[in-house]
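Since the structure comes first, as C-alpha cells, the remarks are kept for the end.
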Amino acid sequence: MIIFDKKLYVSLTCQKTSHNFTKIAFKPLHTNLFNIVLLSFFLTLGCGNLYSQEIKNKKKPLPTVKQTDKPKTVVPDLTPAPIADTIKLDTVKTKKSALDAVTKYKAKDYAKYDRKNKTLTLYNEAELYYKDVELKSGIIVLNLEKDEVYAGRIRDSAGVLIQYPNFKQGPSEVQPDSIRFNFKTKKALIYNSRTEQGEFKIKAAITKKENDSVYFLKGARFTTAKDIDDPEYYFRTNKVKFVPNKKVVVGTTQMVIADVPTPLVLPFAFFPMTKERSVSGIIVPSYNDSNTRGFSLQNMGYYFALSDNYDLTVLGDYYTNGSYAMRFESAYATRYKYRGNINIRFENLINSERGYPDYSKENIYNIQWSHSKDSKSNPNSSFSASVNMGSSKYFKRSINQANVGSNLNNTLNSSISYNRTFNTIPQARFSLTATHSQNTQTEQIQMTLPTLQASVDRVYPFVGKDGVKKGFIKNINLQYNLSGKNNITTTDSLFFKPQMFRDAQIGMQHSIPISTNFKIFKYFSAGASTNYQETWVTKTIDKNYDPDKGQVVNTTVNGFDAFRTYNFSTNLGTTIYGTFNFGSDKRIQSIRHVMRPTVTYSYTPSFDQYYNNYTVDATGRISNYSRFDGGIFGAPGKSNSNIVSFALSNTFEAKVRDRDSTKTEPKKIMLLNNLNFSTSYNFNADGKESLAWQPVLVSGGTQLFDNKMNVNFGATLDPYAIDNGGARINTYNIDNGGSLFRMTSANVTLNYSFSNKGTGKEKDNTQSERNGGRKDDLFGTNTDLNDSRNSQFANEKDDGEDVITEFFKAKIPWDMTMAYSLTYSNVNRENKITGNSIMVSANMDITPKWKGGVSTGYDFVQKGVTFTQFRFERDLLSWRMAFNWSPLGVNSNWNFFIGIKSGMLSDIKWNKRSTSNR
C-alpha cells in the first residue's frame, strides 16, 4: 500500500485465490471508514502483507521485472516527502539511495528484483549502465540498500567459467574475474583485474580503487606483450600505486622472461603514463669499446617533448681517448600546413693516442633538413627544403653511420625553394631558390644564395575575340623571363669564411622569347622562335701582360656591366605510323612502329664587339678575350653559330593474342619504349679547330617480363677517324679504312626486381637517399649505429603468431633486386670493357618470425667482390633481435641488437657493435 497526497494505492496478491489486486485506488483513510473495512476484508481472505511507504514527487513504485531484450530504466529515488495528513503511518526514515540518475539494464536469461532485500539480479549477458559506468558480465547484482554493484562470471554447461566482467568508467576499462563497486564512495574491490594504459597491459590479483584517480594493486605484473595472461616477459611486483593517464609507482620490481625470474631487480620504479604522443625523458646510453678510441658510452642524451607539434632529441657519445660526438634531431608538423625534420651532427674524432705515429684528429659535421608544405594550405604558394651538407668526409669517417651507399656517393646536393603564383592576367610566377652542390672527392662546393626566377605567362597579341589560335600569325606569342643569381664557388676549408663571400658573382639575365607554330601540308608541324637576352653582371675581368712577372695578369673589375644577345631557330617535324599485320590467327597479330623525325635549324650571330685584344707574351703575340669570360652567365659567342640538328625517335609495340582464351581482345606489349638517334651539322666549321658533323648519339630502353626488368642502352658513333695521338681529324672513318661509324663508347644497364609476394614491396631506404645514396638496398640498408629499434627490412609489419605448416607446402616469402652494368670504351682505340659488374640484393622470410637479407655484388673487371652486407632479424613478439654484418673492405663492421619494441621501454636493450676500419 502506497499513500500519495489524495489517494491510497494497494498492491496485493491473494495467496489462496491467486487474485491480483493492483493499483486499487481509495480515498485517504481519515475521510472514509469504508476504506478500512474493505482493506480488512482482503486481509481476512489471507492475502499478502500490507505495507506502506512514503514517496515524494508523486513517483510510481518500482515496476514488476519482466524478461526483455531492451534495457529497462530504473529511477530509484526513495527520498521521504512530507504529508499534509496529521497521521503518520511509518516513523522510520528511508535511506536515500546514491543512484540519483537513470539506470538502464538488461539480461538474456532473467532480471529479478528482490523487494525485501532491495536487490536487482541480472543473469547471462548482463549489462548495466549508470552515468559514466558501463558494466557487462555473466551475472550482475545491484544492491539499492548498500548502493553497491557486484559482478562476476557464470559457468556454462561444461562447468567452465565464462563471461568475464568488463567494467568501464570514463576512459578507464578493467576486465577482472569479479568486481565490487560502491556508487556512493566510488570505491571498488577488483579480483584478477586486466587493464590497458597506453602501451602497458597490467594484471593484478587484487585491485583496490580508492577514488576516481587512484588505484592500489597487489600481486601485479605489467608488460607490453599482447597476451597479458601468457606474456613472453613481464615485471612482477607486489605493491603498485596506479594513477590512470599520469603515473605508475611500484615497489620492489623483478623482471621475468619466459616465466623465468631474472636477477634484474629494482627497489622501486616510476613509469609516466600520459595520453600525449610522448613525454620527455633521459635516453640511457649503451656501452662499447674500440681498439682505436678506447671504451665509450654511446647514444646518451635526453628527449624533449616540447609540444604536440615539435620535439627535440639531444644525443652524445664519449670515448676515453677524447673523441666525442653530438647530435641534435628534431621533427615538427602542423596538420594541413607543413611537416619536416632537422638533423645536426658533429663529431670530434681522435685516432690512437697523442705521440703515436698513427695519431690523428679531425672535426666533421653534417646538416640535414627536410621540409614540405601541404599544398591545400595555400595552392598559390609552396615552400620546400631538402638539405644535405657538411664535411665531405663525414659519411666516410663517421662513427655513427654505416651507409656504404652514402659513402660511395661523390656529390651532396641541397635545395631550398619558395614559389609563388599571382593569378593576374597574364599569370605571373615568382620563385627563390638556394642550391648547394658539393663534390666529396675534390671538396669543391658550388652554391647559389639565392637564385631568383620570375616569369610572365605567354601573351598572344594577334588572337581575336574568339580565342582561336590557328595559323602562323595568331599563334605568335611572347613572354618575359627573369633570372638572377648570386653564385659562390668555394671549398670545404673556406666554407662560410669571408673569402667565400668576396669571391661571389652576382648577375641577372632578362629574356623575351617570341615563338609561333603552324601546320605545313597538313602532316608537318613547324615552329619558329627568336630570343632576346640582356645580361647584367657586377664583375668583369681585364687582361694585361705584366713584363715584370713575364705573364698575363687577370684583374677583377667591380662595377655594373652588361651585354645583349639574340638568336633564331626553326623546326619541322612529323609523325609516321607503320603497321605490320601477320594475321589474327597468329600469336603475334601485328607490330606497330611509330617514328617521329625532327629537323631543327638555329642561328646565333657573332658578338665580337664584346671582345678585346691583349698581349700574350714578350714576343708581342696578340690574342683576344671577352671581359665577361668566367662570368656567372658566361660570355657571348665570338663566332656565329649556324647549326642544323637531326633527331629521330622510335617506339615499337606488338599486338599479341592473350593466353587467356576467354578474352576476345588481343593484348598490347611494348617492345621498345624508345630508340633515339641524334646528331648535328655545323655549317661554319672550318675543318681544323672544329668538325662539321657531331657524333651520332644512340639511346634506347624497354621493359621485359611484365615490366619487372628495365633495360637501358646507349652508344656514341663517331663518323670521323683519329690520328695516332687519338685526336679527331677531318677525315671520315670509312675513308680511313674503317667502317661508316666508329663506336667510341657504349653502355648497357639492367635492373630486375621480382618477388613471390605478388606485387612485391616497394624499397624504402629513405635515410640512405637523404644521405645521397640509393633508395633501394643494393648497397645495403642504411644503419644508424646509435638506434637499432627500427626494422632493417623496409615496410615490414608484424605477421602475428607463428603458423606451423606442412614443410613442402610452406610458402617462403622473398624478394630480389638485381642490377647489371656494362661499359665499353674505344675513344683512343683501346677497345676494352671498362666496367662490368653485377649487384644483387635479396630478402627472405625464413620463418614467419625470422627474416634474412643479403646485399652483394661482383666486379668482373677488378675481379673482386663488391660491398657485401648480411642482415638478420628475429621478431620476438614484444621484443626484436637484429644482427647486421659487413665483412669486407674498409667499411667492415657488425652490429647486434636486442630490445623491447615499445617506445616506453626502449631503454631496456643490449646493443653491441664493432667499429669500421675507416
Side-chain angles (χ1 to χ4, degrees), residues 431-437 439 442 444-455 479-491 494 498-514 529-546 549 551-569 602-617 620-643 680 682-686 688-690 694:
S431 70
L432 277 175
T433 305
T435 62
H436 156 268
S437 180
N439 189 305
T442 63
Q444 291 287 326
I445 299 175
Q446 295 283 340
M447 301 180 69
T448 58
L449 296 175
T451 296
L452 166 67
Q453 298 284 348
S455 65
Q479 64 181 124
Y480 169 75
N481 298 316
L482 170 66
S483 177
K485 291 183 180 180
N486 177 27
N487 194 36
I488 298 174
T489 301
T490 186
T491 61
L494 299 176
Q499 184 178 342
M500 165 182 159
F501 298 98
R502 286 198 303 266
D503 296 337
Q505 292 185 338
I506 302 174
M508 188 171 291
Q509 192 172 69
H510 311 262
S511 64
I512 303 177
I514 303 174
S529 64
T530 183
N531 185 32
Y532 171 80
Q533 284 187 341
E534 181 166 335
T535 304
W536 299 346
V537 296
T538 59
K539 288 183 180 180
T540 56
I541 62 170
D542 183 35
K543 287 188 175 184
N544 288 292
Y545 177 73
D546 189 343
K549 296 182 178 180
Q551 62 182 11
V552 176
V553 177
N554 293 336
T555 304
T556 301
V557 180
N558 294 317
F560 176 81
D561 206 341
F563 66 88
R564 297 155 190 86
T565 62
Y566 55 90
N567 58 58
F568 168 79
S569 68
S602 61
Y603 176 78
T604 303
S606 171
F607 299 98
D608 54 3
Q609 66 269 30
Y610 298 110
Y611 282 78
N612 301 315
N613 295 330
Y614 72 100
T615 302
V616 177
D617 51 32
R621 184 165 57 92
I622 301 298
S623 183
N624 52 57
Y625 77 100
S626 172
R627 64 183 183 275
F628 300 102
D629 283 338
I632 189 171
F633 292 106
K638 180 184 177 183
S639 59
N640 64 346
S641 174
N642 195 10
I643 297 174
S680 63
N682 187 357
F683 291 101
N684 292 338
D686 56 10
K688 295 180 180 180
E689 295 183 1
S690 62
Q694 292 297 311

Donor-acceptor check, side chain of [X] to backbone of [Y], threshold 3.5 angstrom: yes or no?
X: Thr490; Y: Ile445; answer: no
X: Tyr545; Y: Gly620; answer: no
X: Tyr532; Y: Arg564; answer: no
X: Lys539; Y: Ala504; answer: yes
X: Ser437; Y: Gln446; answer: no
X: Thr604; Y: Ser641; answer: no

Gap between atom [atom2] of [Y] and atom [atom1] of [X] - 0.5 Å precision:
X: Thr615; Y: Arg621; atom1: OG1; atom2: CZ; result: 10.5 Å
X: Asn640; Y: Asn567; atom1: CG; atom2: CG; result: 12.5 Å
X: Asn612; Y: Ile541; atom1: CG; atom2: CD1; result: 10.5 Å
X: Ile632; Y: Asn487; atom1: CD1; atom2: CG; result: 4.5 Å
X: Met447; Y: Asn486; atom1: CE; atom2: CG; result: 9.5 Å
X: Thr489; Y: Asp503; atom1: OG1; atom2: CG; result: 8.5 Å

Over all atoms of both residues, closest heavy-atom pair of [X] and [Y]:
X: Met508; Y: Phe633; result: N-CE1, 3.5 Å
X: Asn613; Y: Ile622; result: CB-CG2, 3.7 Å
X: Ser690; Y: Ala685; result: OG-CA, 3.5 Å
X: Tyr611; Y: Pro636; result: OH-O, 2.6 Å

Please tell me if the side chains of Asp561 and Arg627 come closer than 4.5 Å, counting only heavy atoms from C-beta onward.
->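 In contact.
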Does a side-chain heavy-atom distance below 4.5 Å link Phe607 with Phe563?
->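 No, every pair of side-chain atoms sits at 4.5 Å or beyond.
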Scan side-chain atoms only and decide if Asn544 and Asp542 contain a donor-acceptor pair under the 3.5 Å cut-off.
->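 Distance-only check passes for Asn544 and Asp542.
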Any side-chain donor near an acceptor of the partner, Gln533 and Ser511, under 3.5 Å =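 Looking only at side-chain atoms, Ser511 and Gln533 do not form any donor-acceptor pair under 3.5 Å.
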Does Ser483 have any side chain to side chain donor-acceptor pair (under 3.5 Å) partners at least two apart in sequence or in another chain, and if so, which?
->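 Checked Ser483 against side chain to side chain donor-acceptor pair (under 3.5 Å); matches are Gln453.
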Under the side chain to side chain donor-acceptor pair (under 3.5 Å) test, which residues partner Ser569, sequence neighbours left out?
->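 Side chain to side chain donor-acceptor pair (under 3.5 Å) list for Ser569, sorted by chain: Ser529.
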Kindly state whether the ring of Tyr625 and the ring of Tyr614 have centres lying under 6.0 angstrom apart.
->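 Distance test on ring centres: under 6.0 Å, yes.
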Around Tyr566, counting heavy atoms of other residues, nucleotides and ligands shown, do more than 12 lie under 6.0 Å from its OH?
->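 Open: at most 12 neighbouring heavy atoms sit under 6.0 Å from OH of Tyr566.
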Start with the C-alpha gap between Thr433 and Thr451, add the side-chain angles, then the distance that decides, and say whether side-chain hydrogen bond (donor to acceptor under 3.5 Å, both in side chains) holds.
-> CA-CA 5 Å; Thr433 305; Thr451 296; over 6 Å; no
Partner residues of Arg502 under the salt bridge (Lys or Arg N to Asp or Glu O under 4.0 Å) criterion, sequence neighbours left out |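 For Arg502 there are no salt bridge (Lys or Arg N to Asp or Glu O under 4.0 Å) partners, ignoring immediate neighbours.
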